[in-house]
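A, B, ... follow the sequence lines: proteins, then strands. Residue 1 opens every chain.
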Number of protein chains: 2
Amino acid sequence: MALVNPTQPQAVTTADKVFEQIQHAIVEGHIPAGSKISEPGLAKQFEISRSTLREALNRLEKCHLVERKANVGSRVVDCSIEGLLEIYVVREALEGMACRQAAENMSEQEIAELKSVLAQHAKSQDLKDGVSYYQEEGDLDFHYKVIVGSHNQQLINILCGQLYHLVRMYRIQFGMNSPRATRAFDEHLHIVEAIADRDGELAEILMRRHIAASRKNIEKKIALQSAHSSTEDN
Amino acid sequence: MALVNPTQPQAVTTADKVFEQIQHAIVEGHIPAGSKISEPGLAKQFEISRSTLREALNRLEKCHLVERKANVGSRVVDCSIEGLLEIYVVREALEGMACRQAAENMSEQEIAELKSVLAQHAKSQDLKDGVSYYQEEGDLDFHYKVIVGSHNQQLINILCGQLYHLVRMYRIQFGMNSPRATRAFDEHLHIVEAIADRDGELAEILMRRHIAASRKNIEKKIALQSAHSSTEDN
DNA sequence: CTTAAATAAATTGTCGACAATATTAATGGC
DNA sequence: GCCATTAATATTGTCGACAATTTATTTAAG
């Protein structure tokens, strides 16, 4: 069930396993965003040495979940609204290009698989009109398959290896149970069509608009929230 | 003179310094691409412990200059033609978006600085019609300033922190003394115009075409090379 | 009482050694 | 003579300890 990352092969070493555990804890918010990380503390908590923990921290740094300053220490990244919007901008550019390349490079079998993913979403569509969690997973799954379909190792690395978990972190911590579920699904359909037609240019445009729409949706939401809180302040 | 990376602050720790030295050695080809890295060997060579070396290797991994496999070891990345083209695709997407954001977000002063950089290039333009090395540096410098001008931390991180040295590595190892010097300069001029006009859409298109042109130029070169070598094979 | 300097505590960076795994060399069977 | 298995070697992963630096506390001065 868990999305296996092609860029990060099976965890074998203990540092790998601890990395995954901490990663999960950060993404889910069990280790709060922006908090300082105590190397001796975490090492003791996981019953490993500091060297091993530092190895894990290095990998967390690679996917931008923690930041380190020399002689000072590590902190979990801060979840700011600006940061979230920045990531969406990057995604718009990269996933747009990935989608273009997917249209050019995906095999017929991959396209068939992508279609079947959407078909599955469609089936469970009606019964989950309120429950959007699965749709969240489904959305990620769709995007994931398109990215891998680009067959561009650099794109896959950056999007799946580095940004993927950061995006999940933001989604969870900002509590985004996307109200765009059905519209997003329709957009997915159109994107797949463009890919199946091998129309890279259109595929890129559609994916970019799809992500830009998400971003604008968030911006609107934020604007409402701040407007609401400012009336509360009065 | 040396381009200071805003994402990687001054090296203070010995691991940082060793990292920079190895980075330089890899980019310049003193440590050959694709070669295996012996931890005990390199550690002895730099007169540091393995722990410190591994710390440096982790940073090299972050900017995609070395790859590590569990229980096997580290290798310098391979410089394949496919890899080079993949990077150009990523750059086209990211720098295009960076350019759009630069048009929206750069301060007037930053734009003035960007213009002055080009003016300097123009002055030395006539005397370096054969010598393209400076143009190389100048090209990087221009792109660098645009990226930073996007004011998007994520974009800056990925492009300046991760891809920058990889691009340099490819340029040096494939011996690219861009024969597009004067045309590239003209394209830079048009890009700056678009930025100064705050026309993000045009700025993105121009930057994408600028990078795509470089990519196609390389593709053409490669095609010629392989055609040449195949005739040699006969 | 507030501020500055000095001291103490804690944290990070670096080191060398040992354990686990992978690679190479040697041995034996066919 | 060639392939599989086993032994030997080398390399990577992990550990605990010490050095260097930062942070917190205490002390002293104004």
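Considering CG of L94(A) and CG of L155(B), their distance stands at 8.0 Å, rounded to 0.5 Å.
Residue order along DNA chain D, read from the 5' end via each residue's closest nucleotide, puts I37(B) first among T52(A) and I37(B). Projected onto DNA chain D by closest heavy-atom contact, N71(A) and T14(A) fall at different nucleotides, the more 5' of which corresponds to T14(A).
When the side-chain nitrogen and oxygen atoms of R54(B) are compared with OP1 and OP2 of dT12(D), none of them lie within a distance under 4.0 Å. Neither OP1 nor OP2 of dG16(C) sits under 4.0 Å from any side-chain N or O of K44(B). Within the 4.0 Å cut-off from OP1 or OP2 of dG13(C), not a single side-chain nitrogen or oxygen of K69(A) is found.
Nearest to the side chain of R50(A), among dT12(C), dG13(D), dC15(C), sits dT12(C). If you check dT12(D), dC15(D), dT12(C) against the side chain of S51(A), the one that comes closest is dC15(D). Closest contact between the side chain of K36(A) and the listed nucleotides dG13(D), dT12(C), dA22(C) involves dT12(C).
A straight line from CG of N58(A) to C1' of dG13(D) spans 14 Å, rounded to a whole angstrom. F46(A) has its CZ atom 14 Å from the P atom of dT14(D), to the nearest Å. Rounded to a whole Å, the CD atom of E47(B) is 15 Å from the P atom of dT14(C). Remark: C1' of dG16(C) and CD of E39(B) are 15 Å apart, rounded to the nearest angstrom. Distance CD (E55(B)) to C1' (dG13(D)): 15 Å, rounded to an integer number of Å.
In this structure, L53(B) reaches neither bases nor backbone, as no heavy-atom distance under 4.0 Å exists between it and the strands shown. Counting non-hydrogen atoms under 4.0 angstrom, L57(B) reaches nothing in the nucleic acid. At a threshold of 4.0 angstrom between heavy atoms, the contacts of T13(B) are confined to the sugar-phosphate backbone, with no base atom among them.
By the ring-ring contact (aromatic ring centres under 6.0 Å, His included) test, Y170(A) is found to be paired with F174(A), residues two or more places apart in sequence or in another chain being considered.
Aromatic ring centres of H188(A) and H143(A): separated by under 6.0 Å.
In plain terms, the two heavy atoms of M106(A) and I195(A) that are nearest each other are SD-CG2, 3.9 Å. Here the shortest heavy-atom pairing between E39(A) and R50(A) reads OE1-NE, 3.0 Å.
Donor-acceptor pairing under 3.5 Å, judged by distance alone, is absent between the side chain of R68(A) and the base of dG13(C).
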